[in-house]
J.: 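I'd like to ask you about the structure that follows.
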2 protein chains.
Amino acid sequence: MRWDGHGQTGGVPPASPPNQVRGPRDGDDGRRHGDPVTPPVVAVSVDLVLLTLRGGRLCVLLIRRDPPFDVAWALPGGFVDGDEDLDTSASRQLWAETGVTTTGHLEQLRTYGGPHRDPRAPGVSVAYLALLPNLPQPAPGGDGPRARWWPVADLDSPDGPALAFDHPRIVADGVERARAKLEYTPLAAAFCEDQFTLADLRRVYEAAWDVALDPPNFRRKVLSTPGFVVPVGRRTSPRGGGRPAELYRRGSATALHPPLLRRSV
Amino acid sequence: MRWDGHGQTGGVPPASPPNQVRGPRDGDDGRRHGDPVTPPVVAVSVDLVLLTLRGGRLCVLLIRRDPPFDVAWALPGGFVDGDEDLDTSASRQLWAETGVTTTGHLEQLRTYGGPHRDPRAPGVSVAYLALLPNLPQPAPGGDGPRARWWPVADLDSPDGPALAFDHPRIVADGVERARAKLEYTPLAAAFCEDQFTLADLRRVYEAAWDVALDPPNFRRKVLSTPGFVVPVGRRTSPRGGGRPAELYRRGSATALHPPLLRRSV
DNA sequence: ACAAAAGTGTTTAGTTTACACCCATGT
DNA sequence: ACATGGGTGTAAACTAAACACTTTTGT
């Protein structure tokens, strides 16, 4: 059992030692970052898992790749610039893909790396998850015919899109993260416009979890959770019959107490 | 609004375009990884947030750094080798720090990057979180006098250790992740030995959340959650009075339904 | 008047909490 | 015998689920 605080300092069993050179002063001093060694360097990219609701279905934005590539679809993303933060790079690229700036939600999902994920381009990819309201319109066709929203339920089906690299796993991780976060955070509102009805919010849960929720009980649950939503004081102009619904905005809560639990196992 | 699927392909507002060269075939085809560009490359390191329970307190392993450095303590970690997976690198370095192989739990926490985290060594650091049982003994003193377990409650106090770089935030993120995961996963058992009593398990929650739990109710809750623990069929030899407790092992569940919720807001 | 969607009330079942009590062991 | 910690029982309080019913709109 070693306690020197250096995984790199020798004695490491499974991996072969990297090519590194130690300076005389920065020896075994418990410091790791900025050591005068020559570690392997790689490119860092960002992958975006952009989720939204379209037609009552949870959808992810994919980019079509042209014939020279055998796998047709990939997540949007790109390399991280040298002078930018990871979060900054993610929001920059989110802007580039969707034009979205303020609304919604963007968080780091997970980092994927290792020599096996893309043999031609070793490197790490930091995946980000964004939850967005249904965007204006210019999805398939128009300005960017390469981008398309795909229902996540179609990704496993044979006529669904084939995804490059480890992107199937990244999408799955992002969808699962989003589904889980709906339980204990108020992030469902990130799928909605700035002002929304409780029915809008309920449809987020119903689409993401593929369940039917009881509207009266859902309403009580949301309104009794402090900071989840705040009433705006206005009502919708009803569309095609039915009582106009009250409008709400996101509250200040960052977590739901108690959570809105999924019934599933 | 752009829909070309390339954050790098121009039109990106906040950041300056990187130096990149496009090949004739790999044009604007919706592909990002392995593009024939020359992106900035950086070193990738792993930081380990190793948590355990010692004397009823949640503790984190820190490495002492010698005088040339003004900040005295840092998380264990090191560079990722070129030919290894991120998870592999993390478990390799965990082994190097603690000798631990099978028990406990190791998961990716988050990636920290950007030019401002350590000016002397730009690069990204992938933090991993490990939950470990109380290790045999050789902590401070013995083989590795640089490593020391610090109660996480002492990190904010003035006589606590000063942490380098963004390590305070990484530790805080790891502790919060651990606390949250105790609610809805059976990971409390990762802090225990292979066989443990329900009182051992309860003390994990009490130490991590700094609460007192009612033993009868905790017992019922755990036993009624399918797959949380399985009885071994043996009992402890009691230490200093009291009825011997039944021994349990981790169950097969990966999530707790229903969760064990914290009472706090 | 009727359909449709929003919102309220109520009954019932289930879960959580608090705490009294019993059990098995060391001293 | 008694202290100590493990384990069981139970009644009250709380929470969630199901669904009948009222309100407000468009047609």
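Residue numbers begin at 1 in each chain, while the letters A, B, ... track the order of the sequences.
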J.: Could you go through B/Thr52 and B/Trp149, starting from their C-alpha distance and side-chain angles, then the distance that decides it, and tell me whether this counts as side chain to side chain contact (heavy atoms under 4.5 Å, CB included)?
T.: CA-CA 8 Å; B/Thr52 196; B/Trp149 291 106; 3.5 Å; yes
J.: Can you check nucleotides 20-24 of chain C for protein contacts, nitrogen or oxygen pairs under 3.5 Å, and list what you find?
T.:
residue: C/dC23; atom: O4'; partner: B/Arg243; partner atom: NH1; Å: 3.4
residue: C/dA24; atom: N3; partner: B/Arg243; partner atom: N; Å: 3.3

J.: Checking contacts here: which listed nucleotide (D/dA17, D/dG7, C/dT8) is nearest the side-chain heavy atoms of A/Arg263?
T.: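 Nearest listed nucleotide: D/dA17.
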J.: How many whole angstroms separate atom CZ of A/Arg262 from atom C1' of D/dA17?
T.: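 About 19 Å, once rounded to whole Å.
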J.: Let me know, please, whether B/Thr197 or B/Asp214 comes out on the 5' side of the other along DNA chain D by nearest nucleotide.
T.: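 In this pair, the answer is B/Thr197.
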J.: Nearest to the side chain of B/Pro258 - D/dG6, C/dT16, D/dA16?
T.: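 The nucleotide sitting nearest to the side chain is C/dT16.
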J.: Is the shortest heavy-atom distance from the side chain of A/Arg249 to the side chain of A/Asp194 under 4.5 Å?
T.: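 Yes, side chains in contact.
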J.: For residues B/Tyr112 and B/Asp47, is any side-chain donor paired with an opposing acceptor at under 3.5 Å?
T.: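 No, no side-chain donor-acceptor pair sits under 3.5 Å.
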J.: Once you round it to whole Å, what is the distance between C1' of D/dA16 and CG of A/Leu223?
T.: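 Distance, rounded to whole Å: 16 Å.
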J.: Given atom OH of A/Tyr248 and atom P of C/dA6, what is their separation to the nearest angstrom?
T.: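 Those two atoms, OH and P, are 12 Å apart.
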J.: We want to know whether B/Asp200 and B/Thr197 form a side-chain donor-acceptor pair, criterion being a heavy-atom distance below 3.5 angstrom.
T.: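 Per modelled atom types, B/Asp200 and B/Thr197 side chains form a pair under 3.5 Å.
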J.: Can you check the A/Leu247 CG to D/dT25 P distance for me, whole Å?
T.: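 The distance from CG of A/Leu247 to P of D/dT25 comes to 14 Å, rounded to the nearest Å.
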J.: Could you check which of D/dG6, D/dC19, C/dC19 has an atom nearest any side-chain atom of A/Asn217?
T.: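 The nucleotide sitting nearest to the side chain is D/dC19.
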J.: Answer with yes or no after comparing the ring centroid distance for B/Phe228 and B/Tyr248 against a 6.0 Å cut-off, counting only values under it.
T.: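 Ring centres of B/Tyr248 and B/Phe228 not closer than 6.0 Å.
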J.: Is any N or O donor-acceptor pair between the side chain of B/Arg220 and the base of D/dG9 shorter than 3.5 Å?
T.: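 Answer yes: a donor N or O sits under 3.5 Å from an acceptor.
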J.: Between A/Leu261 (CG) and D/dT15 (P), how many Å, whole number?
T.: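 Distance check: A/Leu261 CG to D/dT15 P gives 14 Å.
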J.: Take atom CZ of B/Arg219 and atom P of D/dG5, then tell me their distance rounded to the nearest Å.
T.: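 Going from B/Arg219 (CZ) to D/dG5 (P), I get 17 Å.
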J.: Of the candidate nucleotides D/dG6, D/dA16, C/dA6, which contains the atom at the shortest distance from the side chain of B/Arg202?
T.: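 It is D/dG6.
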J.: Charged N to carboxylate O below 4.0 Å: is that the case for A/Arg179 and A/Asp173?
T.: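 Salt bridge flag = no for A/Asp173 with A/Arg179.
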J.: Ring centres of B/Phe218 and B/Tyr205 under 6.0 Å apart?
T.: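 Here the rings of B/Tyr205 and B/Phe218 have centres that are less than 6.0 Å from each other.
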J.: Rounded to whole Å, how long is the line connecting atom CD of A/Glu183 with atom P of D/dA16?
T.: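 Those two atoms, CD and P, are 13 Å apart.
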J.: For the pair made of CG in B/Leu213 and C1' in D/dG5, what is the distance, rounded to whole Å?
T.: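 In whole Å, D/dG5 C1' lies 16 Å from B/Leu213 CG.
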